[in-house]
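If you're wondering where the values come from, they're calculated on a predicted model, not measured in any experiment. A, B, ... follow the sequence lines: proteins, then strands. Residue 1 opens every chain.
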There are 2 protein chains.
Amino acid sequence: MATTGHRAAPEHTHPDDVPVLTALAALADPVRLALVRELAGSAEWSRSCGSFDVPVGKAALSHHFSVLRGAGLVEQRDEGPKRVNRLRRAEFDARFPGLLDLVLRGD
Amino acid sequence: MATTGHRAAPEHTHPDDVPVLTALAALADPVRLALVRELAGSAEWSRSCGSFDVPVGKAALSHHFSVLRGAGLVEQRDEGPKRVNRLRRAEFDARFPGLLDLVLRGD
DNA sequence: CCGAGTGTTCGATGGAAACCATACACTCCC
DNA sequence: GGGAGTGTATGGTTTCCATCGAACACTCGG
């Protein structure tokens with residue numbers, strides 16, 4: 001039978017709908033900053049949530065990705081049992097020109 | 001007699017010595033964001049700390065300015081009984097190109 | 001159908017940060 | 001010198017957020 005059982009699609013916020021303060025707050029955290037940077041260095045849709053090298057448990061990690069989605073920084077898609085990620089470079093850069101470059105251009 | 005009594009000069013941090021995360025955290029607060037924006041719309045050294053339109057008391061205000069100094073965003077100088085402020089536009093922009101523009105270019 | 005793997009949700013906890021009220025330090029003007 | 005104006009420091013309260021452990025939902029491969 002047609003399985004109605006699909007996982008709840010993650011809620012996304014387009015960068016255009018994101019206030020500056022939200023974007024700044026999302027990036028002003030060491031873990032999320034690491035996530036964004038690592039994501040930027042990988043091919044799109046190539047990284048599942050659990051594949052990142054950050055010193056927090058699953059629960060916290062899930063929360064951080066939720067924040068990144070809400071800031072229009074990350075897009076997610078379900079692929080089998082995993083949730084794979086993509087950095088919304090172009091869209092986010094259009095809304096906040098230079099911000100992403102700034103963050104990715106290490107210290 | 002020669003008055004040794006001078007007020008402690010405020011400690012400043014040059015933008016070049018500021019980590020990205022510190023800069024972002026400094027700007028990711030509604031009160032400080034308002035301070036920076038209001039300061040950007042005023043002539044340099046024209047605004048004393050108390051002259052800003054933010055809904056917090058003196059103590060909190062003083063703290064916020066301390067954070068802004070530590071992020072290399074604001075320079076202060078004592079002028080009589082008041083402490084006047086200046087936005088370090090050029091220096092901060094050299095260290096974090098575009099970030100200040102982004103924040104000042106309202107929503 | 002069960003078990004392993006993956007991610008979300010919930011409740012609780014700890015620590016950081018914002019805030020206030022008070023007290024203090026300094027500068028100026030009368 | 002006294003008093004008004006301005007800012008800082010201190011102590012205590014509250015609010016927020018990052019984190020964890022555990023329970024739950026879903027997918028896939030035996």
Phosphate OP1/OP2 of dA18(C) contacted by R32(B) side-chain N/O (<4.0 Å): yes

V31(A) vs F65(B), nearer the 5' end of DNA chain D by closest nucleotide: F65(B)

Toward the 5' end of DNA chain C, by each residue's nearest nucleotide, H63(A) or H63(B): H63(A)

dG7(C) phosphate, OP1 or OP2, under 4.0 Å from R7(A) side-chain N/O: no

Earlier contact from the 5' end, DNA chain D, for V67(A) and E79(A): V67(A)

Derivation of the side chain to side chain donor-acceptor pair (under 3.5 Å) call for R69(A) and H12(A): CA-CA 6 Å; R69(A) 277 200 316 267; H12(A) 286 106; 4.9 Å; no

Sugar-phosphate only, base, or nothing, as touched by K58(A) at under 4.0 Å among non-hydrogen atoms: base

Touch class at under 4.0 angstrom, heavy-atom based, for S66(A) against every strand present: nothing

Closest nucleotide among dC19(C), dG7(C), dT19(D) to the A60(A) side chain: dT19(D)

Sugar-phosphate only, base, or nothing, as touched by D78(A) at under 4.0 Å among non-hydrogen atoms: nothing

Phosphate-side-chain proximity, S62(B) and dA9(D), N/O vs OP1/OP2 below 4.0 Å: no

Sidechain N-carboxylate O distance under 4.0 Å for R77(A), E79(A): yes

Given dG7(D), dT8(C), dC20(D), the nucleotide with the shortest approach to the side chain of S48(B): dG7(D)

L102(A) with L33(A), same ILVMFWY side-chain cluster at under 4.5 Å: yes

E44(B)/R89(B) ion pair, N-O < 4.0 Å: no

Shortest side-chain distance from D29(B), nucleotide among dA18(D), dG7(D), dA18(C): dA18(C)

Phosphate OP1/OP2 of dC19(C): any H64(B) side-chain N/O under 4.0 Å: yes

